[in-house]
There are 6 protein chains.
Amino acid sequence: MNGEVELVPGNSLHTASPEEGRALAVRLARLTIKLTQPDAEARTEARKVYANDPAALLAVAQVVATEFATIAAANDYWR
Amino acid sequence: MNGEVELVPGNSLHTASPEEGRALAVRLARLTIKLTQPDAEARTEARKVYANDPAALLAVAQVVATEFATIAAANDYWR
Amino acid sequence: MNGEVELVPGNSLHTASPEEGRALAVRLARLTIKLTQPDAEARTEARKVYANDPAALLAVAQVVATEFATIAAANDYWR
Amino acid sequence: MNGEVELVPGNSLHTASPEEGRALAVRLARLTIKLTQPDAEARTEARKVYANDPAALLAVAQVVATEFATIAAANDYWR
Amino acid sequence: MNGEVELVPGNSLHTASPEEGRALAVRLARLTIKLTQPDAEARTEARKVYANDPAALLAVAQVVATEFATIAAANDYWR
Amino acid sequence: MNGEVELVPGNSLHTASPEEGRALAVRLARLTIKLTQPDAEARTEARKVYANDPAALLAVAQVVATEFATIAAANDYWR
C-alpha cells in the first residue's frame with residue numbers, strides 16, 4: 001500500500017472474466033485519483049466535472065482503456 | 001457488472017471478425033462513458049459536442065484505437 | 001458493421017505492405033470519426049480545422065500512430 | 001542516476017506484488033516530474049493543482065497507467 | 001500510397017540501427033501531417049508553432065515516441 | 001543522424017540497468033524536442049514553462065513513460 005491508500009484491490013490483476021477485468025480497470029484508475037486527491041468531498045466534486053465535461057469523459061475513457069490493456073494481457077485475454 | 005452498468009457486452013473479448021472487434025471497441029468506450037455519466041440525456045448532449053468539436057472527435061478516435069489494440073491482440077489479430 | 005458505417009475496410013487487418021498498412025491506419029481513424037459524426041459536410045468542416053490547427057494535426061498523428069501499431073503487429077511487421 | 005535525481009528507486013522493475021508494482025509506477029512518474037522541476041516547493045504547488053483540477057487528475061491517472069503497463073510486463077504480471 | 005502522399009518511406013519498417021529507426025519515426029509522423037495538411041506553406045507555418053509552443057513540442061515528442069515503439073518492435077529492438 | 005541532431009545517444013537501446021534505461025528515455029524525449037526546436041535558447045525558455053506548468057509536467061511524464069516502455073522491452077526488462 002502507498003501510505004493509507006490501497007492501489008490494487010485484492011493485490012492481484014487476475015480476474016475471472018472480462019467484465020470483472022474491466023471493473024478492476026475502473027477501480028485502478030479511481031485509486032490513482034484517490035492517491036492524488038485524498039479528500040473524498042473534493043473527489044465527488046471532480047467526478048461531477050468529469051460527468052458533465054465531454055473532454056473529461058473522453059479522458060476517463062482513455063485511462064480506463066489503458067488500464068484494461070494491462071489487465072487483459074495479465075489474464076491472457078481470458079482465452 | 002459494475003453496479004447497474006454492463007462494461008463488456010457478452011463478457012468476452014472474442015469476436016468473429018475485425019469489423020465486429022472494432023464495433024466492440026466502440027461499445028467498450030461508450031460503456032465507460034455510461035458508467036461515468038449514467039444520465040442518458042446528458043450523454044446525448046455530450047455526444048453532440050463530440051460530433052461537432054474536432055478535438056473531441058480526435059479524442060474519441062484515440063480511445064477507440066486504444067481499445068481496439070487490446071481486442072485485436074485478444075483475437076490474435078483474426079489471423 | 002456498426003449500423004450503416006463500415007469500420008474496417010475489407011474486414012481484415014492484413015495488408016501486403018507497410019505502405020498499405022499505414023493507409024489502413026488512416027482509414028480506421030477516419031471511420032471512427034465518420035461513426036461519431038455521420039454528416040459528411042460537418043466532417044469536411046472538421047477536416048479543415050485539423051489541417052490548420054497545429055494541435056489537431058498532432059492529435060491526428062497520434063491516432064494514426066496508435067492504429068498503425070496494431071496493424072503492424074497484426075502483419076508481424078511485414079517481416 | 002541523472003545528475004542528482006534517482007529515476008528508478010532500487011534500480012529495478014521487479015516487485016513482490018501488484019500493489020508494490022503500482023506504488024513503483026507512481027514513484028517513477030513523480031521522479032520524472034522531480035527531474036523536470038527540481039524545486040521541492042514548486043512541486044508542492046504543482047501537486048495542489050493536480051489534486052484540484054479534474055483534467056490534471058486524469059492526466060496523472062494516464063501517466064500512472066502507462067508506467068504500470070511496463071512494470072506489470074516486467075514482472076510477468078505477477079503470475 | 002494514399003493518393004499523392006507516400007506514407008512509409010521505402011515501404012519498410014526495417015532499419016539498420018536505432019538512429020535510423022528514430023529518424024523513420026519522425027518521418028512517419030511528418031507524413032501523416034503532410035497527408036492531413038498537403039499545403040507545404042501551411043505546414044511550414046504549423047512547424048513554427050510546434051517549435052515555439054511547449055505543449056506542441058511535447059505532443060510532437062509523444063507522437064514520435066509512439067511511432068518509435070512500433071519501429072523498434074519491428075526491428076526486434078536491433079538486438 | 002537526422003541532419004545535425006543525433007536522435008539515439010550511442011545508437012543503441014541497450015543499457016546496463018533500469019536507471020540507465022530511464023535516463024535514456026529522458027534523453028530520447030529531449031532529442032526529439034531538440035530536432036523540432038534546434039535553438040538552444042528557445043528550448044531553455046520552453047523548459048522553464050514545463051517546469052512551472054502542471055499540465056506540461058504531466059505531459060513530460062507521459063512522454064518519458066512511453067519512451068521507457070520501449071527501452072524496457074528492448075532490454076527484456078533487465079531480467
Side-chain angles (χ1 to χ4, degrees), chain A residues 6-10 12-34 36-37 40-79, chain B residues 1-15 21 24-77:
Chain A
E6 180 189 45
L7 295 173
V8 182
S12 170
L13 300 184
H14 184 79
T15 73
S17 69
E19 183 71 30
E20 289 181 23
R22 196 78 181 172
L24 178 57
V26 172
R27 293 191 68 195
L28 289 181
R30 287 183 179 162
L31 289 168
T32 306
I33 289 171
K34 189 177 176 186
T36 312
Q37 175 46 275
E41 207 172 310
R43 288 201 307 278
T44 301
E45 285 308 302
R47 211 179 283 192
K48 278 183 207 160
V49 175
Y50 303 159
N52 292 294
D53 174 2
L57 278 173
L58 292 168
V60 168
Q62 187 67 46
V63 172
V64 171
T66 305
E67 298 286 11
F68 186 63
T70 301
I71 293 166
N75 286 280
D76 197 22
Y77 306 100
W78 301 275
R79 278 191 281 231
Chain B
M1 282 197 268
N2 198 290
E4 297 305 309
V5 181
E6 181 190 44
L7 295 173
V8 181
N11 201 6
S12 170
L13 300 184
H14 184 79
T15 73
L24 178 57
V26 172
R27 293 191 68 195
L28 288 182
R30 287 182 179 163
L31 289 168
T32 306
I33 289 170
K34 189 178 177 185
L35 181 71
T36 312
Q37 175 47 275
D39 184 75
E41 207 172 310
R43 288 201 307 277
T44 301
E45 285 307 303
R47 211 179 282 192
K48 279 183 207 161
V49 175
Y50 304 159
N52 291 294
D53 173 2
L57 278 173
L58 292 168
V60 168
Q62 187 67 46
V63 173
V64 170
T66 305
E67 298 285 12
F68 186 62
T70 301
I71 293 166
N75 287 279
D76 198 21
Y77 306 100

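What's counted below: heavy atoms across the whole structure, side chains too, no hydrogens, waters or symmetry copies. Just so it is clear: chains get the letters A, B, ... in the order the sequence lines come, proteins before strands, and each one is counted from 1.
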Of all heavy-atom pairs between [X] and [Y], which one has the smallest distance, and what is that distance?
X: A:R22; Y: B:L28; result: NH2-O, 3.4 Å
X: A:E19; Y: B:L7; result: OE2-N, 2.8 Å
X: B:A29; Y: A:A61; result: O-CB, 4.5 Å

- Item | Which residues share a side chain to side chain contact (heavy atoms under 4.5 Å, CB included) with A:A65, sequence neighbours left out |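 Testing A:A65 for side chain to side chain contact (heavy atoms under 4.5 Å, CB included), a comparison that skips the adjacent residues, returns B:T66, B:E67.
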- Query: Who pairs with A:S12 by side chain to side chain contact (heavy atoms under 4.5 Å, CB included), at least two apart in sequence or on another chain?
  - Reply: A:H14
- Task: Give, for atom CZ of A:F68 and atom CG of B:L13, the distance between the pair rounded to the nearest 0.5 Å.
- Result: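 If we round to the nearest 0.5 Å, A:F68:CZ and B:L13:CG are 4.5 Å apart.
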- Should A:L57 and B:T32 count as side-chain neighbours, where that means a heavy-atom distance under 4.5 Å?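 No; the side chains remain at least 4.5 Å from each other.
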- Message: Please rank B:V63, B:V60, B:N11, B:L31 by heavy-atom pairs under 4.5 Å with chain A and give me the top one.
- Response: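 Heavy-atom pairs under 4.5 Å are most numerous for B:N11.
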- Query: Of all the residues in residues 69-79 of chain A, which have a heavy atom that comes within less than 4.5 Å of a heavy atom in chain B?
  - Reply: A:A69, A:A72, A:Y77, A:W78, A:R79
- Enumerate by number any residue of residues 42-53 of chain B whose heavy atoms lie under 4.5 Å from heavy atoms of chain A; in the absence of such residues, state 'none'.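 So far as heavy atoms go, B:A46, B:V49, B:Y50 are the residues that approach chain A to under 4.5 Å.
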